[in-house]
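Everything below concerns the one structure shown next.
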Amino acid sequence: MNYGLVTLLILVFLPLQVLASNAPEISLPRHRLLAEEIGVIVNDEDPLSVRIANYYQQARNIPASNLIHVRFKPGSQKLSQKLFAQIRNQSNSQLNNSIQALALTWALPYRVDCMSITSAFTFGFDKTYCSSRTCAATRYSPYYKSKSTAPFSDHKIRPAMAIAATDFESARQLIDRGIRADKSHPNGTAYLLHTSDKNRNVRARFFQHIKRLFSPLLNIEVLHRNSIQSRNDVMFYFTGLTKIPHLPTLSFLPGAVADHLTSTGGALDGTKQMSALRWLEAGATGSYGTVVEPCNLLGKFPNPGLLLENYLSGQSLIEAYWKSVQQPGEGLFIGDPLAAPYDGFQVESNTNEITLTTHILQPGMYNILTAPNPVGPYQRLAKPLTVYPRQTSIKLPKTNHGYYAIKTLERMR
């Protein structure tokens with residue numbers, strides 16, 4: 001393999017964060033989707049969709065060629081299978097193999113028959129992703145628990161997320177929050193709530209285990225109550241209720257994720273239950289809800305532990321959320337797909353060693369390559385690097401070379 005060429009490409013796409021002028025430049029393994037791999041679906045008959053799409057494309061520096069144009073009458077909550085097939089054909093004809101995921105730029109429609117519109121764009125309309133009878137399980141997503149950083153290349157699907165808003169100002173604020181979140185490494189709290197609603201509290205059985213696993217990386221509060229209020233550090237909020245009180249009293253950090261396990265949170269135009277859109281309007285950057293009755297099957301809702309595992313490792317919101325849902329056919333993903341608050345790294349160098357601080361490197365073994373310049377030649381150090389679970393501070397040997405490349409050798413199972 002031409003390590004020099006590979007490293008040069010990585011250096012172009014992964015901006016470096018260096019704390020000391022004498023620190024080396026380091027490239028890490030690919031770990032997330034990039035802006036140039038997002039296709040932005042815009043409904044040319046919907047002025048709000050057009051405005052959101054143009055703003056997102058420019059704000060995120062997405063290539064203009066990644067704007068994917070479709071046309072349909074806006075405003076309805078649901079599309080027929082026939083009309084959706086025409087719309088998806090319009091979009092597929094404009095997609096190339098480099099596009100790995102999709103951003104939809106509307107709140108309505110949010111359904112295609114029994115599927116959410118984000119799942120319909122991801123898989124195509126397929127009734128096996130819907131319940132065949134009340135409370136039945138559905139087809140599993142191949143992206144669930146995936147280690148892939150290129151879902152279309154690896155699984156032949158493009159996960160979709162809707163930048164959902166009912167007015168442009170709300171959409172702009174959402175997008176701006178997502179951008180502010182990037183590489184911010186927020187000092188926030190995950191609130192995991194045991195509620196009094198037994199039917200919707202089914203995820204709570206895992207909360208203490210999640211706290212044990214991720215407390216080294218994040219402040220986690222497991223609370224036995226129906227809501228929180230007057231908190232200014234909300235980074236994650238997972239609960240189970242039909243409606244969430246006190247949202248106006250909360251301050252969500254950029255990149256925050258929040259959802260409530262209930263039947264119709266994905267009905268964005270409102271039912272007797274709270275719409276997931278209320279989370280975004282309160283300041284969250286991502287949320288999720290189902291669009292038809294899912295019952296309280298755990299597989300149809302985000303697994304908070306899996307979401308934390310992937311989001312805290314520097315992946316984007318769309319990757320972390322999608323990988324956390326086993327049966328997403330009826331579930332709607334909303335937010336800024338590219339938000340990645342735990343991405344990035346810092347490098348400090350002293351006389352004897354280099355300290356790399358990052359969430360990106362997953363548990364496993366890595367080869368360390370060094371070179372005098374970005375194009376090489378790169379030489380592999382004799383001793384591989386071992387990274388352990390939840391390890392974020394990594395010591396690298398000091399050499400006379402100013403360029404390092406870390407390559408995955410073997411992941412821990």
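Because the structure is a prediction, the values reported are computed rather than measured.
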Salt bridge (Lys or Arg N to Asp or Glu O under 4.0 Å) assessment of Arg60 paired with Glu37: CA-CA 11 Å; Arg60 281 292 187 183; Glu37 296 171 318; over 6 Å; no
So, does Ser131 use its side chain to make a donor-acceptor pair with the main chain of Thr134 at under 3.5 Å? no
Can a salt bridge be assigned to the pair Glu293 and Lys300 using a cut-off of 4.0 Å between side-chain N and carboxylate O? no
Rounded to the nearest 0.5 angstrom, the CD1-OG1 distance for Ile334 and Thr118 is 9.5 Å
Side-chain donor or acceptor of Asn66 paired with backbone N/O of Val40 under 3.5 Å: no
Look at atom CG of Asn96 and say whether more than 12 heavy atoms of other residues, nucleotides or ligands are closer to it than 6.0 Å. yes
Could you tell me whether Asp176 and Arg172 make a salt bridge, using a distance below 4.0 angstrom between a side-chain N and a carboxylate O? yes
Do Glu309 and Lys147 meet the salt-bridge criterion of a basic N to acidic O distance under 4.0 Å? yes
Start with the C-alpha distance between Tyr110 and Gln77, add both sets of side-chain angles, then the distance that settles side chain to side chain donor-acceptor pair (under 3.5 Å), and finish with yes or no. CA-CA 6 Å; Tyr110 53 80; Gln77 64 177 220; 3.2 Å; yes
Show your working on salt bridge (Lys or Arg N to Asp or Glu O under 4.0 Å) between Arg231 and Glu221 and close with a plain yes or no. CA-CA 12 Å; Arg231 306 294 178 104; Glu221 292 191 24; 3.4 Å; yes
Phe168 ring center within less than 6.0 Å of Tyr55 ring center: yes
Roughly how far apart are Leu218 CG and Leu213 CG, rounded to 0.5 Å? 12.0 Å
When rounded to the nearest 0.5 Å, the distance separating OG of Ser116 from CG of Leu104 is 9.0 Å
Keeping Ser393 on the side-chain end and Thr357 on the backbone end, is there a donor-acceptor pair under 3.5 Å? no
Spatial distance of atom OG (Ser170) from atom CD1 (Ile163) [nearest 0.5 Å]: 13.5 Å
Hey, mind stepping through Arg51 and Asp167 against salt bridge (Lys or Arg N to Asp or Glu O under 4.0 Å) and telling me if it holds? CA-CA 10 Å; Arg51 199 172 177 191; Asp167 62 83; over 6 Å; no
Side chain to side chain donor-acceptor pair (under 3.5 Å) between Tyr191 and Asp233, intermediate numbers included: CA-CA 10 Å; Tyr191 293 96; Asp233 64 346; 2.6 Å; yes
Would you please indicate yes or no on a ring centroid separation below 6.0 angstrom for Trp322 and Tyr288? no
Can you name the nearest heavy-atom pair linking Ile228 to His246, along with the distance? O-CB, 3.5 Å
Any donor and acceptor pair, going by atom type alone, linking the side chain of Arg177 with main-chain N or O of Gly283 inside 3.5 Å? yes
Are the side chain of Ser141 and the backbone of Gln327 linked by a donor-acceptor contact shorter than 3.5 Å? no
Looking at Lys243, I want to see if its NZ is surrounded by more than 12 non-hydrogen atoms of other residues, nucleotides or ligands under 6.0 Å. no
For the student: nearest non-hydrogen atoms of His359 and Tyr342, plus distance: CB-O, 3.8 Å
Rounding to 0.5 Å, atoms CD (Gln90) and CD1 (Ile41) come to a distance of 10.0 Å
What's the verdict on salt bridge (Lys or Arg N to Asp or Glu O under 4.0 Å) for Arg32 and Asp343, showing C-alpha distance, side-chain angles and the deciding distance? CA-CA 9 Å; Arg32 57 159 294 184; Asp343 192 10; 3.1 Å; yes
Are Phe121 and Phe84 near enough that their ring centres are under 6.0 Å apart? yes
If you count every heavy atom of other residues, nucleotides or ligands that lies below 6.0 Å from Glu45 atom CD, does the total exceed 12? yes
Distance-only, no hydrogens or angles: does the Gln391 side chain make a donor-acceptor pair with backbone N or O of Tyr388 under 3.5 Å? yes
Counting only N and O atoms by type, is there a donor-acceptor contact under 3.5 Å from the side chain of Arg158 to the main-chain atoms of Ile99? yes
